[in-house]
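Reading through the structure tokens given below for one structure.
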Amino acid sequence: MQVNLKKSLYLGLAALTFASVAGVSTASATTANAASHHVTKTTKKHAKKATKKHAKKAAKAVTFKVTKSLDQSLVYKSTGKNAIFTKPGGVKNNKLKVSKSDMSSKANSTSSNDLFMAYQEVRTSKGVHYYKVVSFDKKVRGYVYTKGVQKIDNPTTQAVKPSNTVGYVTTNNVYNLPAGYKFGADSSVKSFNGINFSADKFNVDDAVTVYGGDTYYKVSDQNNPLINGWIKSSDFSNNIPNSVINSQNAAQNAANAVHVTYVSNANLGSTVMTKSLNPANLQNNGTYNAKDVVNSVNDSLKGTGYNLINSSNITDKGSYLKDGSVVNKGENLTVVVTPQNNRQAVKYTVSQLQNPNSFNQSLAAISNSQLSPVNMSQNTYDSLFKGNDNDTFNYNNLKSQMLSYGQPMYQLISNDAGHRYTYTFDANLTETNAANPKLFNANNQLISNATFADVNSQSMSNGIDGLNLIYTVKDNQTGQQQTTPVNGSGIVTLFNK
């Protein structure tokens, strides 16, 4: 009994002890869970506050404000380190205006157009400083980091004046300041109320070289000291300008001219044209001999389609001139003219080029029998090839309608069964004084009033008369340029009308 009682007592105590421990554990867990819930709630609250604070800070936009206005007379150039933007960095809606690469090019440029004027310094809300700049050519305006441009201390340097400081100004662009001296200087052209000072002599008082290497002279008018300013050195000359000489000559010619009214003999009340002429050999007493007046009038009629005249066709103060008459300068004359009515076809020769290295001996006329005919209408033929002796021969019209690429006479073919040869028009050789001396002058320029009579009077060796149209020839069997002469001479009539 006693043994069993002890065992029961032991078991009972063990159970009690287990229950006590279990009770403590349960209470502890409850307490721990409550504490954990409190910590989690507090952490989330702090995290939420931190997120809101960070978001509020991140959402704050970058702004800028002007910290000071800058001296606009100063000159800046690019350093090539930074680009130019429409707004300072970080500001909303900012866009690139000039890339860093382009700014690097401007840093190496010698043109004053690539210089800058900085007129504001600004600071962003992040504390970064920028300049607001504009280029000298006004094509670029925007914001650049302050290290993106640097000030030029001496935009001009003293230059040497010309050895002869008295001369003429050959431009109307007289500036208040040399271009490149500061922003806007190149557009500060002075106005002298339309005064013509081209014939005035000027003194060079100073000379400077601006950034980029251009030299400017400070000049003053000897006749009118109020006319002064800066000009490019290239606009100063010790010689009187050709424009002034021409103007003076024109004024002199106008004073010495005779004034001619041309009337048609078919209707003496009908004025054909009027001209002021300057005959040769003005006498010391201010008169011209009738012969010189007639020659001057006939020169003026060249290419007009009117017959040339003699002294009996000219009236001065109602009286017809005689060969021994004299005419006063400034006199009003009337000339009776008669239109020509003898339209003839211009002569022309088609010439084959034999040797490009020996032009004068390399031409041979190609006869009509050797060429296939060219078809054209009678109206086309009459309009291009016919005219009065004193009509202007319109070579350009003929060339555009007949001799240009794709036109009927640009390429000709031989009249044999196999059409062995192809002839191609060569404008470079045709349009020369050597080939057509009455149609092209010594400088190979077209004589604008060359007449049908002039062209028809041309006569060269090898039977080449009239208008000389030069062709290169190709042998279609061999593919080579032909070098043997093509026999034939005279006027070529290539076409069926």
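One-based numbering along the sequence shown. No hydrogens, no waters, no symmetry mates; every other heavy atom, side chains included, goes into these values.
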Under a plain distance cut-off of 3.5 Å, with no hydrogens placed, do [Y] and [X] share a side-chain donor-acceptor pair?
{"X": "Asn173", "Y": "Lys232", "value": "no"}
{"X": "Tyr211", "Y": "Lys77", "value": "yes"}
{"X": "Asn278", "Y": "Gln252", "value": "no"}

Please check this pair: side chain of [X] against backbone of [Y], looking for a donor-acceptor N/O pair closer than 3.5 Å.
{"X": "Asp235", "Y": "Thr171", "result": "no"}
{"X": "Thr392", "Y": "Asn394", "result": "no"}
{"X": "Gln340", "Y": "Asn390", "result": "yes"}
{"X": "Asn298", "Y": "Ile309", "result": "yes"}
{"X": "Gln458", "Y": "Lys438", "result": "yes"}
{"X": "Asn238", "Y": "Asn164", "result": "yes"}
{"X": "Asn154", "Y": "Thr156", "result": "no"}
{"X": "Asn379", "Y": "Ser377", "result": "no"}
{"X": "Thr79", "Y": "Gly148", "result": "yes"}
{"X": "Asn193", "Y": "Ile195", "result": "no"}

Those residues that, when tested against Tyr288, pass ring-ring contact (aromatic ring centres under 6.0 Å, His included) (two or more places apart) |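 Scan of Tyr288 (ring-ring contact (aromatic ring centres under 6.0 Å, His included), adjacent residues dropped) gives none.
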
Mind checking what makes ring-ring contact (aromatic ring centres under 6.0 Å, His included) contact with Tyr76, not counting sequence neighbours?
-> Tyr131

[Y] and [X], any side-chain heavy atoms less than 4.5 Å apart:
{"X": "Val219", "Y": "Asn203", "value": "no"}
{"X": "Val297", "Y": "Lys275", "value": "no"}
{"X": "Leu277", "Y": "His259", "value": "no"}
{"X": "Val263", "Y": "Thr334", "value": "yes"}
{"X": "Val134", "Y": "Val140", "value": "no"}
{"X": "Tyr216", "Y": "Lys218", "value": "no"}
{"X": "Val133", "Y": "Ile84", "value": "yes"}
{"X": "Val208", "Y": "Tyr217", "value": "no"}

For [X] and [Y], work out which heavy atoms get closest and say how close.
{"X": "Asp114", "Y": "Phe116", "result": "O-CE1, 3.5 Å"}
{"X": "Asp316", "Y": "Val326", "result": "OD2-O, 4.4 Å"}
{"X": "Thr170", "Y": "Pro241", "result": "CG2-CG, 3.9 Å"}
{"X": "Met402", "Y": "Val374", "result": "CE-CG1, 4.5 Å"}
{"X": "Asp221", "Y": "Asn223", "result": "OD1-N, 2.7 Å"}
{"X": "Ala83", "Y": "Leu96", "result": "CB-CD1, 3.6 Å"}

Reported [atom1]-to-[atom2] distance for the pair [X] and [Y], which is rounded to 0.5 angstrom:
{"X": "Ile231", "Y": "Phe202", "atom1": "CD1", "atom2": "CZ", "result": "7.5 Å"}
{"X": "Asn285", "Y": "Lys329", "atom1": "CG", "atom2": "NZ", "result": "9.5 Å"}
{"X": "Gln120", "Y": "Lys65", "atom1": "CD", "atom2": "NZ", "result": "14.0 Å"}
{"X": "Tyr410", "Y": "Asp426", "atom1": "OH", "atom2": "CG", "result": "8.5 Å"}
{"X": "Ser400", "Y": "Gln407", "atom1": "OG", "atom2": "CD", "result": "7.5 Å"}
{"X": "Asp214", "Y": "Ser112", "atom1": "CG", "atom2": "OG", "result": "7.0 Å"}

For atom [atom1] of [X], decide whether the heavy atoms of other residues, nucleotides or ligands shown that lie under 6.0 angstrom number more than 12.
{"X": "Lys106", "atom1": "NZ", "result": "yes"}
{"X": "Lys151", "atom1": "NZ", "result": "no"}
{"X": "Lys302", "atom1": "NZ", "result": "yes"}
{"X": "Tyr181", "atom1": "OH", "result": "no"}

Check [options] against [X] for a side chain to side chain contact (heavy atoms under 4.5 Å, CB included) and give me the one that passes.
{"X": "Phe393", "options": "Leu467, Asp454, Thr451", "answer": "Leu467"}
{"X": "Thr430", "options": "Leu439, Asn468, Asn436", "answer": "Asn436"}
{"X": "Ser73", "options": "Leu70, Asp71, Val75", "answer": "Asp71"}

Salt bridge (Lys or Arg N to Asp or Glu O under 4.0 Å) between Lys399 and Glu431: does it pass, once the steps are laid out?
-> CA-CA 11 Å; Lys399 178 182 178 181; Glu431 296 167 6; 2.8 Å; yes

Is the charged tip of Lys138 near the ring of Phe183: under 6.0 Å from the six-membered ring centre and within 45° of its axis?
->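 Because its charged atom sits under 6.0 Å from the ring centre and within 45° of the axis, Lys138 does stack over Phe183.
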
Please step through side chain to side chain contact (heavy atoms under 4.5 Å, CB included) for the pair Asn332 and Thr261, ending with a clear verdict.
-> CA-CA 8 Å; Asn332 295 312; Thr261 299; over 6 Å; no

Evaluation steps, ring-ring contact (aromatic ring centres under 6.0 Å, His included), between Phe197 and Tyr168 | CA-CA 9 Å; Phe197 48 79; Tyr168 300 87; over 10 Å; no

Taking it one step at a time, do Gln445 and Asn433 satisfy side-chain hydrogen bond (donor to acceptor under 3.5 Å, both in side chains)?
-> CA-CA 8 Å; Gln445 301 297 313; Asn433 179 257; over 6 Å; no

Evaluation steps, ring-ring contact (aromatic ring centres under 6.0 Å, His included), between Tyr130 and Tyr143 | CA-CA 6 Å; Tyr130 287 81; Tyr143 294 85; 7.4 Å; no

Are Phe440 and Tyr395 close enough that their ring centres sit under 6.0 Å apart?
-> yes

Report the C-alpha separation of Asp102 and Ser99 in whole Å, then their side-chain angles, then the decisive distance to 0.1 Å, and conclude whether the side chain to side chain contact (heavy atoms under 4.5 Å, CB included) test is met.
-> CA-CA 5 Å; Asp102 287 343; Ser99 68; 3.4 Å; yes

Apply side chain to side chain contact (heavy atoms under 4.5 Å, CB included) to Leu384 and Thr380, showing your working.
-> CA-CA 6 Å; Leu384 296 177; Thr380 299; 3.7 Å; yes

Partners meeting side chain to side chain donor-acceptor pair (under 3.5 Å) with Tyr175 (sequence neighbours left out) = none

